[in-house]
Amino acid sequence: MKRLWTIVVLAMRSAVRLRLVATLLGLVVVLSLALPAVIQHDGTIEGLVRVVQTYSLGAVSLMLALAVIWSSCGSLALDIQARQIQLVMVKPIQPWELWCGKWIAQVLLAGVMLACSLALTWAMLSWRVRAGSWTEEDRRKLVDQILVARQSVVPTLPDFEARARARMEEDRAAGRWPEGLDPKAAWPMYRDLARTELFLIEPGGQRAYDVTLPKHDPTAPAQLEFRFLKSTLDLEAVELRWVILAADGQELWSTNGVWLPRRPYALPLPSHVAASAPYVRVVLFNRHDRAAILLDPDEGLRLMVRVGTVNGNLVRAGLLLWVRLAVLAAIGVSAGAWFSMPVASLVGLAMGLMAAMAGYIFATAAHGPALGEIFGYDRPWLGTVEQWWRRYFVVLSWFTTPFRGASVLERLATGTVIPWGEVGQAVVRALVGAGLIAAVLGMLALTRRELGGVQE
Amino acid sequence: MTGQPVIVAERVTKIFRDFWGRPRVRAVDDLSFEVRPGEVFGLLGPNGSGKSTTIKMILGLLRPTAGALRVFGHTPGARRVRARLGYLPEESYLYPYLTAEETLDFFGRLFDLAPQERRRRVSELLEMVGLAHARRRPVGEFSKGMARRVGLAQALINDPDLVVLDEPTSGLDPLGCRQVKDLIRTLAARGKTVLLSSHLLADVEDVCDRILVLYNGRRQAMGPIAELLEDPEEFRILLRGVSPEVAARIAETARAMAGRDVQLDHPRRRLEDFFLAVIRQAAAEAGPGTTPPATPVAQYLAGPSRSEPPSESPDDKLRPLVQPPLP
Ligand SMILES: Nc1ncnc2c1ncn2[C@@H]1O[C@H](COP(=O)(O)OP(=O)(O)O)[C@@H](O)[C@H]1O
Ligand SMILES: [Mg+2]
């Protein structure tokens, strides 16, 4: 254990004395302070928060990711290349002590940089939205809607899969089935269709959605968010009526209005709506006589309730980003144990890219690449290709688990909660997934590789 | 020199392969030898003969392609072995951003030395290798010889039972070479085992008990140095303080008894002895105070059971290896 800390101290010393820390801090300051000052926003207070939190934090975290990859790759690769490792490995140190020491140093450095950039961004933001520079209304919006940690709640849907299955069976029995079409390939389409139908409201029709609210702050204002499409091609506004009922059927709130298709809307709800938790029913009336409307099935209808403070959210966002940097560091240190600096950096960058594409990788691993949609469903060999393609992405997804989940910065900027559970999950996924694989591979390199074998 | 051999190499071969696994160099070829406790064993050979490769296999930094190696009865690279070992690589692979003191402290920590003991050894060793004045300077700024001295100090921080020195005198000035050689003899006198490699014949001749001559990775000769160098057919008589005439007459007598094969000449001093004498004299003439004070070998290395060092002239022993800067 003592040896491990000796290595940590050595690695930290090298980062400080080789000016790595100073350079990175300089970059962090420039990106956190200068970038939001020069980027134009749309003049609204949400726009400002978004610019500061997504652009500058986004730039900082990208820079930190690259810096962590590069410096962690170097932490063993350069020692091997310059052969100090030959002096270290003949001392009674164990491979895991060396690997963990190098890794912990990288994680600590990344943590310091990340904390600095979060603190700077936060200070910058507090200054830009200070009292006096915005109207009272803007400031209220900031406090109520933006600088908060809210959770969006979507309706609980009735069992649409049974209906989809029944309809698929019906089509096959009735002979409405292309020859050679694999039912497995057709199933997602039936399922999605049945689900989408739940969000369709005929002209003059209505539909009710049940929403179960999580544990939240009942005194804070809630919001109804929606976005819809219209079945006719014109883009004229549609008259709608919203009603929210309590569990006992009593009306809690209602409103009539005209809204444009495709635009996101957020209606503030009085606090007694939020206070009537845990269960409410939202009913939507389509008052148009010719056009059907379709709510976006994924986020077309949501209730937003406050579940925490922005400070807590900031901490959790920081931890989540830190876990990801720690995984990148683990991959970098191990890549540096196996490969020379240039090769290791490339491996690290490739992993970083994969992390950035985690969403796509998970979607492909779950649903396959949907080759049928491109080449048609009537080629039997396509199924095999698709299967292998998907398996390949399943393997890739093992390495990207810690990077899974909605964008951290996006949620920070929109006041959406980042739950503790997600932080814990990311840690566990990092520990048993990519991080562990990287660590084992790295220690294997230190035991298996001939460290004295660098060509003289 | 009895007891369990410290190093046993049995038919050790090392073949370096390229990326595709094709053999490229046979650096060590079917090499067998033993190093016994307390002896100074020399690997002698020209550049590229496989000395460093052999040493790295003993340290566990390389694995033999064939054959078996045991160090203190264990596989090379075992942790127990590493705890008893000191290694000076052929070049000083130090962290350039650490100071001399931090470097030694770092390696001391890897041996888990107690803080107090570590501090003591670090300062004694820095004193011994003559770098006490440069202890706070980063080793990246050091000259090759100075870095070498840090490397040497680092190899002794754990008071090792087996000291492995790869070309210990390379990069050192003659004074430094001499100091290192004396240090090696001191270590041996304390019962430590020393394995060193060199292509400098004088070094090996001065300090080694036994040598192994390598060429192309193969063993060419091995044995006690006295035995290898001594020609039992030849005799030499040394005369001191006689006139040339007396010497000529003695030679005449010898020729009369032994036949034609008698030579008469002046024995030459070795250049090293001459150089050291000149330096010593120059230092003495510069007046008292400029002569560096004679510093003993680091106290803990000298040990309680320190026997008389085998050096001819005790006064030039182990004073600082470089001159401290003038005040
Ligand atoms: N890592 C390595 N890869 C390939 N060849 C090597 C490597 N290390 C040493 N060699 C080769 O092995 C031979 C012996 O090298 P070495 O043991 O360093 O010689 P010495 O120390 O006696 O000068 C040389 O031909 C050298 O080129
Ligand atoms: Mg060599």
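Residue numbering restarts at 1 for every chain, and letters A, B, ... go by the order of the sequence lines. Everything numeric here is computed off the predicted structure, so don't read it as measured data.
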_Consider side-chain contact (heavy atoms from CB on, under 4.5 Å). Of A:Ile7, A:Thr6, A:Val8, which one does A:Leu4 pass it with?_
A:Val8
*Start with the C-alpha gap between A:Leu120 and A:Leu33, add the side-chain angles, then the distance that decides, and say whether side-chain contact (heavy atoms from CB on, under 4.5 Å) holds.*
CA-CA 7 Å; A:Leu120 275 176; A:Leu33 297 186; 4.2 Å; yes
_B:Asp30/B:Arg11 ion pair, N-O < 4.0 Å_ = yes
*Going by residue number, which parts of residues 16-28 of chain A are within reach of chain B, meaning a heavy-atom gap below 4.5 Å?*
A:Arg17, A:Leu18
*Report the option among A:Val88, A:Asp79, A:Leu10 that has the most heavy-atom pairs separated by less than 4.5 Å from atoms of chain B.*
A:Leu10
_Any donor-acceptor pair under 3.5 Å linking the side-chain atoms of B:Ser52 with those of B:Glu90?_
yes
_Test of understanding: with ring pair (Phe, Tyr, Trp, His ring centres under 6.0 Å), list the residues that count as partners of B:Phe106, not counting sequence neighbours._
B:Tyr95
*Hey, are the side chains of B:Glu101 and B:Ser123 touching, using non-hydrogen atoms and a 4.5 Å cut-off?*
no
*Would you mind reporting whether B:Phe72 and B:Asp161 have side-chain heavy atoms less than 4.5 Å apart?*
yes
_Give me the atom names and distance for the closest heavy-atom approach of B:Lys14 to B:Arg63._
NZ-O, 2.7 Å
*What residues of residues 97-115 of chain A sit under 4.5 Å from chain B when you count only heavy atoms?*
none
_Check B:Asp159 with B:Arg190, please: is the shortest side-chain N to carboxylate O separation under 4.0 Å?_
yes
*Closest heavy-atom contact between B:Leu94 and A:Gln84?*
O-NE2, 3.0 Å
_Shorter than 4.5 Å, heavy atoms on both sides: which option in B:Met57, B:Arg79, B:Arg84 has the most such pairs with chain A?_
B:Arg79
*Specify the closest pair of heavy atoms between B:Arg70 and B:Gly73, including all atoms of both residues, with the distance to one decimal.*
NH2-O, 2.7 Å
*asked:* A side-chain contact here means heavy atoms from C-beta on lying under 4.5 Å apart; do B:Leu152 and B:Leu183 qualify?
replied: yes
_Between the side chains of A:Arg13 and B:Glu102, is the shortest nitrogen-to-carboxylate-oxygen separation below 4.0 Å, so that they form an ion pair?_
yes
*Examine whether an atom of A:Lys2 lies under 4.5 Å from a heavy atom of chain B, and if so say whether it belongs to the side chain, the backbone or both; otherwise answer neither.*
side chain
*Where on B:Leu88 is there a heavy atom nearer than 4.5 Å to chain A: the side chain, the backbone, both, or neither?*
neither
_Against the six-membered ring of B:Phe107, is A:Lys91 placed for a cation-pi contact (under 6.0 Å from the centre, within 45° of the normal)?_
yes
_Sub-4.5 Å heavy-atom contacts with chain B: which residues of residues 318-345 of chain A show up?_
none
*asked:* Within the 4.5 Å heavy-atom criterion, are A:Leu31 and A:Ser56 side-chain neighbours or not?
replied: no
